[in-house]
Amino acid sequence: MLFVHQVHQVRGLAEDDFDDHLRAYAGELAGDGDARLLWCFHQAHGTGHAYRVITYTGVRDAPAYGRLLERTESGDLQAWMRTLDRLQHSSTGKVLTALPWSAIAGCDLDTVPTDTTEAHEQTLFMEDTGWPHAPLDDYTGFWRDVYAPMLENSALLRIDASFQVAFGAGRRPEAILLQRVIDNQALLRLLERDHPRQLREPGTFMYDALNTS
């Protein structure tokens, strides 16, 4: 399976219209069974550039991705794309593959809901992107062997998905951890203080993490 990651720079006054437009996309996209909108994230104000929306679209395989391109360029999604262009300043995208140990690697697109009218509790996610100087396999292997086991009993974070950029489809080496925040107050406490020096010395997690990144 392939995953299309897009960062949308939304026009501020069109924020609500953009959100409504994405909700319509979730239903229209699922028309041929090739793809589903998996996630849509609004970047929290104050955490970076304002009016940024990040979307993840799951696509069944490479031929399905080709059909999706045809739909957006000259098919049933062309009108949707034209409207999208009016609601954003620009967007950038890349194609990802799931790391083999990621839970999202076994995602069944047919089970992904397309009804976006049902409200759900607002959830905070942390998207962690790394561009390591080490070989990509060593970097993501550290996530698998060291970081993921650390979070198994964490009250702060849970890894919902992990990806790397597909060959020839974006910057390499690059990998992404998509982490759900379980306890917002615990995250706030983490942001209020820096790691002490002794936790950044050889043999500690932070030292080993930085040594592979």
Side-chain angles (χ1 to χ4, degrees), residues 1-10 19 22-23 25-26 29 35-49 51-60 65 91-109 111-114 116 120-132 134 136-167 169-188 190-191 205-206 209-210 212-213:
M1 185 183 302
L2 300 176
F3 301 87
V4 181
H5 176 285
Q6 292 176 286
V7 179
H8 307 268
Q9 300 181 43
V10 180
D19 187 63
L22 273 184
R23 291 179 182 272
Y25 170 69
L29 177 69
R36 293 287 192 279
L37 179 62
L38 300 179
W39 287 290
C40 174
F41 301 113
H42 287 256
Q43 184 165 338
H45 284 279
T47 62
H49 296 289
Y51 304 108
R52 295 290 176 95
V53 174
I54 297 171
T55 57
Y56 282 80
T57 299
V59 184
R60 200 169 299 280
Y65 180 58
S91 65
T92 57
K94 53 194 172 189
V95 179
L96 310 174
T97 57
L99 296 177
W101 52 271
S102 173
I104 197 65
C107 175
D108 181 359
L109 289 182
T111 66
V112 177
T114 59
T116 58
H120 62 81
E121 183 179 354
Q122 192 172 57
T123 307
L124 187 65
F125 281 80
M126 186 165 66
E127 188 186 54
D128 195 354
T129 305
W131 299 282
L136 188 59
D137 291 345
D138 292 348
Y139 184 61
T140 58
F142 181 83
W143 283 355
R144 178 196 63 220
D145 299 334
V146 179
Y147 186 60
M150 283 180 55
L151 293 187
E152 287 180 356
N153 298 311
S154 172
L156 174 60
L157 295 171
R158 185 186 79 198
I159 299 175
D160 273 16
S162 51
F163 307 93
Q164 67 182 38
V165 172
F167 175 73
R171 176 177 175 177
R172 183 179 173 94
E174 177 178 304
I176 297 173
L177 273 177
L178 188 59
Q179 301 175 90
R180 181 189 299 263
V181 178
I182 301 172
D183 185 338
N184 292 354
Q185 292 303 312
L187 176 63
L188 179 60
L190 181 66
L191 296 176
F205 168 76
M206 285 302 298
L210 293 172
T212 60
S213 63

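Just so you know, these numbers use all the heavy atoms, side chains as well, and skip hydrogens, waters and symmetry mates. From a predicted model like this one, the values you see are computed outputs, not experimental measurements.
Shortest non-hydrogen contact noted between Cys40 and Val53 is SG-CG1, 3.8 Å. Here the closest non-hydrogen pair linking Ser102 and Ala161 is OG-CA, 3.5 Å. Summarising the geometry of Pro149 relative to Trp143, their closest heavy-atom pair is CD-O, 4.2 Å, with the distance given to 0.1 Å. Annotation for Tyr25 and Thr57: closest pair OH-OG1, 3.4 Å, computed over non-hydrogen atoms. The two atoms that bring Gly130 and Tyr139 nearest to each other are CA-OH, 3.4 Å, heavy atoms only.
Within the 4.5 Å cutoff, the side chain of Met126 has heavy atoms near those of the Leu157 side chain. Residues Cys107 and Val112 form a side-chain contact, since some pair of their non-hydrogen atoms from C-beta on lies under 4.5 Å apart. When side chains are defined from C-beta on, Leu109 counts as touching Leu38, because their heavy atoms get closer than 4.5 Å. Counting heavy atoms from C-beta outward, Ile104 and Tyr56 have side chains that stay 4.5 Å or more apart. Looking at heavy atoms from C-beta onward, Thr97 lies in side-chain contact with Leu2 at the 4.5 angstrom threshold.
The line from CD of Gln6 to OG1 of Thr92 is 8.5 Å long, rounded to the nearest 0.5 Å. Between atom CD1 of residue Ile54 and atom NE2 of residue His5 there is a gap of 5.0 Å, rounded to the nearest 0.5 Å.
Classified by interplanar angle (parallel below 30°, tilted 30° to 60°, perpendicular above 60°), the ring pair Trp39/Phe41 is parallel.
Taking Arg52 as the reference, nothing meets the salt bridge (Lys or Arg N to Asp or Glu O under 4.0 Å) condition, with sequence neighbours excluded. With sequence neighbours left out, the salt bridge (Lys or Arg N to Asp or Glu O under 4.0 Å) criterion links Asp19 to Arg23.
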Donor-acceptor pairs under 3.5 angstrom involving side-chain atoms of residues 171-182: please list them, not counting sequence neighbours.
{"residue": "Glu174", "atom": "OE1", "partner": "Trp131", "partner atom": "NE1", "Å": "2.6"}
{"residue": "Glu174", "atom": "OE2", "partner": "Lys94", "partner atom": "NZ", "Å": "2.4"}
{"residue": "Gln179", "atom": "OE1", "partner": "Tyr147", "partner atom": "OH", "Å": "2.5"}
{"residue": "Arg180", "atom": "NE", "partner": "Asp160", "partner atom": "OD2", "Å": "3.1"}
{"residue": "Arg180", "atom": "NH2", "partner": "Asp160", "partner atom": "OD2", "Å": "2.9"}

